[in-house]
Number of protein chains: 2
Amino acid sequence: MARDELDERKKRILKAVIDEYIETREPVGSRTISKLPDMDYSPATIRNEMADLEELGYLSQPHTSAGRVPSDKGYRLYVDKLIKLEEKIGFEPTVKELDDVKTGIQRDIGEMSDQIRVASELISRLTEYTSIAVTGTAGGTRRIKALQVVPIEPGKALAVIVLDDDAVLNAVIQHDNTIGPETLMKVSTHCNLLFAGHRIEEINMNMIDSVSEATGVSRTGLMPVIDGLFECIKKAENTEVHTEGAVKLLSHPEFSDVGKAKGILELLNREDLMVDLIKECSSSDGLVIRIGSENKIEGLNECSVVTATYSVNGVNLGSIGVLGPTRMDYPRVIAALEYVRKRLTGANELPGTAGAAVNELPPGNIEVRNDGVLSKE
Amino acid sequence: MARDELDERKKRILKAVIDEYIETREPVGSRTISKLPDMDYSPATIRNEMADLEELGYLSQPHTSAGRVPSDKGYRLYVDKLIKLEEKIGFEPTVKELDDVKTGIQRDIGEMSDQIRVASELISRLTEYTSIAVTGTAGGTRRIKALQVVPIEPGKALAVIVLDDDAVLNAVIQHDNTIGPETLMKVSTHCNLLFAGHRIEEINMNMIDSVSEATGVSRTGLMPVIDGLFECIKKAENTEVHTEGAVKLLSHPEFSDVGKAKGILELLNREDLMVDLIKECSSSDGLVIRIGSENKIEGLNECSVVTATYSVNGVNLGSIGVLGPTRMDYPRVIAALEYVRKRLTGANELPGTAGAAVNELPPGNIEVRNDGVLSKE
DNA sequence: TGTTAGCACTCTTCGGTGTCGAGTGCTAAC
DNA sequence: GTTAGCACTCGACACCGAAGAGTGCTAACA
């Protein structure tokens with residue numbers, strides 16, 4: 001049936017109901033809607049339309065004599081078709097917040113994951129929701145800029161690698177005591193010369209043999225060093241999960257039941273689940289929105305997650321997800337994630353995209369509508 | 001008046017009331033106490049004693065016809081004088097838990113603060129309360145074991161320091177481009193020779209001049225390098241706060257009110273406050289217990305904090321605090337903190353104290369009593 | 001003198017009842 | 001197709017009374 005294609009009035013009413021519900025968290029009645037500006041219908045008409053919308057599955061009623069509440073399907077339509085573009089990007093953080101982005105994101109050296117973490121913190125503050133940052137799995141695509149092996153004491157050394165995105169990694173090397181410090185330095189210099197500019201997985205036996213030849217250290221003697229380098233990279237690849245503003249969940253009345261809140265906070269601590277949750281959504285380069293039961297994790301059925309994946313220079317930095325009740329301020333969350341994308345990309349001065357990033361709206365999920373004045377107070 | 005010195009029977013009743021209250025969280029009535037084994041008095045007698053204890057400030061009544069609830073003063077006496085030694089140390093973690101200590105605490109190299117963090121996690125799991133780990137301020141007392149300056153690219157280098165407790169620290173050095181990589185290596189070697197074995201604050205102008213002389217780099221040219229070293233140490237000194245098991249707060253019925261829970265969880269996120277809270281208690285080398293209003297932080301008046309400070313080889317590693325409701329299982333918390341102290345000290349093989357640590361009970365706060373069989377089911 | 005039994009009293013908890021109001025669905029009129 | 005009117009439903013809230021836990025006090029007892 002083509003009945004699923006709503007007419008304009010139904011869409012307007014649905015949007016009004018959802019906007020209202022997002023704001024008040026009260027089931028909204030026909031009278032409330034009919035009183036809105038630019039809503040020129042009587043409560044009775046609205047009632048009929050709302051009954052239709054309920055039949056179609058976009059709204060539901062907590063009990064017979066209550067107003068209507070959006071269903072997951074309703075929210076889906078809302079984020080896909082009903083939110084206007086301006087609502088999404090008409091949004092600017094305060095000066096203070098901008099400063100934070102600068103000091104946080106623009107620091108030019110150090111762990112790249114710091115950037116995502118700071119961004120996550122910012123997003124949590126901007127949206128007043130919990131944000132989850134997942135970094136990592138970028139190691140494979142990054143190149144070695146410099147490396148050094150630092151002798152610590154007999155049998156112990158420290159491998160230090162600087163990657164091309166200025167991340168500094170180190171790992172301890174335990175070697176049998178046959179290599180003296182001077183030799184180790186020579187190994188270090190040669191490895192640096194040979195490996196710089198390459199990705200870690202490009203290191204091959206030829207290179208190792210060449211180092212072996214130049215330094216007089218046997219292949220097996222070199223292995224602990226090579227292992228140390230790999231361990232560095234492994235550290236960088238290790239996905240890190242960072243949650244920001246978890247307590248904010250408690251501000252939302254949907255979690256005023258401690259048991260419920262506890263359940264979700266416990267899920268937040270399950271790093272494996274969070275990685276799945278965020279990563280699963282990060283295939284696309286845009287925003288992905290998961291509403292209520294669309295989340296596969298049990299216990300998140302009353303939550304929505306909006307995820308954005310960030311990459312700079314083609315390097316995947318990580319993803320940030322915003323977690324809140326399904327009754328979430330979607331426009332604001334989308335705006336915040338896109339805003340930070342712009343900053344993050346701009347801060348790293350990727351030529352050609354820095355300024356344009358804000359216009360890169362998520363593909364597919366969002367569509368611009370220019371009809372009726374669906375303004376929201 | 002010497003009335004504050006309670007007779008044996010009052011103490012027994014007080015302890016019974018507190019034990020009972022800790023277990024059930026119900027105001028405890030005279031009948032309940034009189035039914036306990038080894039409590040050979042009628043409810044009426046108990047009632048009289050309880051009335052006295054209330055008058056003395058050790059108990060209080062939520063309302064006229066309710067049972068009694070311990071006051072902060074009551075808990076104070078409880079932890080100071082009433083808990084038996086066996087209750088405190090008769091406690092062993094499971095095999096799984098022991099493994100965790102081993103893999104976590106015994107890792108022989110890396111950031112020392114990891115140890116405290118793992119210990120904190122363990123304590124939270126053992127006690128089912130929230131634990132707060134504060135590390136740091138140890139940098140000043142640690143010595144440099146090895147250091148290295150790694151050239152990264154023109155104008156940029158990386159300072160790496162290994163301290164005598166095997167902590168590895170690094171910081172980025174930005175220098176004007178007058179020092180070439182070879183010279184930098186020479187500087188590195190000379191600094192390593194001169195500074196190894198010293199504490200960072202022992203580095204003086206004489207040493208720097210000596211490096212300057214040997215390498216031909218001017219004093220001012222060397223300063224960025226020295227600054228980088230200091231920055232490393234600053235990183236180590238930077239107190240880090242790590243909270244474990246914050247969600248567990250929500251398990252306790254005293255925080256079933258979301259507002260209350262939120263308030264405390266927000267406090268937990270305030271690193272500055274947590275550092276104050278934990279550090280303030282860490283002057284002594286034993287356990288410090290702060291009950292309810294004894295905590296200076298407003299909003300923690302219904303909580304107790306038990307803090308232990310850990311040091312190995314005279315080096316202060318940090319402190320761990322356990323945060324829970326005043327109705328906390330003090331014996332268990334004390335046991336857990338002492339148990340971990342033993343492990344932490346043992347793991348680092350401090351001769352002479354490893355085995356004895358468990359007997360080092362906190363000075364002053366705890367006293368052994370051998371009277372009446374105050375057994376607890 | 002210390003202990004205990006008995007009893008009246010207090011105060012919370014909880015289930016039941018009644019009212020109020022918001023909101024609906026339906027019908028009939030416009 | 002829209003709207004006014006009206007009966008109906010159902011949750012929220014306040015009120016009431018019974019039940020029960022626990023107390024303080026008094027008087028009797030060892």
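All values derive from a computational prediction rather than experimental measurement. Heavy-atom basis, side chains included; hydrogens, waters and symmetry copies ignored. Here is the naming used below: chain letters follow the sequence lines, and residue numbers restart at 1 for every chain.
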Whichever of B/Ser65 and B/Ser42 has its nearest DNA chain C nucleotide further upstream toward 5': B/Ser42
What is the distance, to the nearest angstrom, from the CD atom on B/Glu49 to the C1' atom on C/dG2? 10 Å
For A/Glu302 and A/Pro325, indicate whether the former's side chain and the latter's backbone hold a donor-acceptor pair under 3.5 Å. no
Within 45° cone and under 6.0 Å: B/Lys260 NZ/CZ vs B/Phe255 ring: no
Which nucleotide span of DNA chain D, 5' end to 3' end, has atoms closer than 4.0 Å to non-hydrogen atoms of chain A? D/dT2 to D/dG11
Is the backbone of A/Ile123 close enough, under 3.5 Å, to the side chain of A/Thr127 for a donor and an acceptor to pair up by distance? yes
Any-strand Watson-Crick or G-U partner of C/dA29, both distances under 3.5 Å: D/dT2
Separation of C/dG2 C1' from B/Glu8 CD (nearest whole Å): 18 Å
Counting N and O atoms only, with roles assigned by atom type, does the side chain of B/Asn295 sit under 3.5 Å from a partner on the main chain of B/Cys303, one being a donor and the other an acceptor? yes
Let me know, please, whether B/Ala44 or B/Gly67 comes out on the 5' side of the other along DNA chain D by nearest nucleotide. B/Gly67
Rounded off to whole Å, could you give me the CD-to-P distance for the B/Glu26 and C/dT13 pair? 10 Å
Treating A/Lys15 as the side-chain partner and A/Tyr78 as the backbone partner, does any N or O pair qualify as donor plus acceptor under 3.5 Å? no
Would you indicate whether the side-chain heavy atoms of B/Val247 and A/Lys262 approach each other to under 4.5 Å? yes
What integer distance in Å separates B/Ile46:CD1 from C/dT3:P? 10 Å
Sort out the partner of D/dA7 for me: Watson-Crick or G-U wobble, both distances under 3.5 Å, none otherwise. C/dT24
Rounded to whole Å, please give me the gap between NZ in B/Lys10 and C1' in C/dT3. 14 Å
Nearest-Å distance, CD1 (A/Ile33) to C1' (C/dG23)? 13 Å
Less than 3.5 Å apart, which donor and acceptor atoms pair up between the side chains of residues 26-34 of chain A and the rest of the protein, not counting sequence neighbours?
from    : atom 1 : to      : atom 2 : distance (Å)
A/Ser30 : OG     : A/Arg47 : NH1    : 3.3
A/Ser34 : OG     : A/Arg31 : O      : 3.0

For C/dT13, give the paired nucleotide (Watson-Crick: N1-N3 plus N6-O4 or O6-N4; G-U: N1-O2 and O6-N3; both under 3.5 Å), or none. D/dA18
Can you check the A/Asn48 CG to C/dG23 P distance for me, whole Å? 17 Å
What does A/Thr64 touch in the nucleic acid at a heavy-atom separation under 4.0 angstrom: a base, only the sugar-phosphate, or nothing? sugar-phosphate
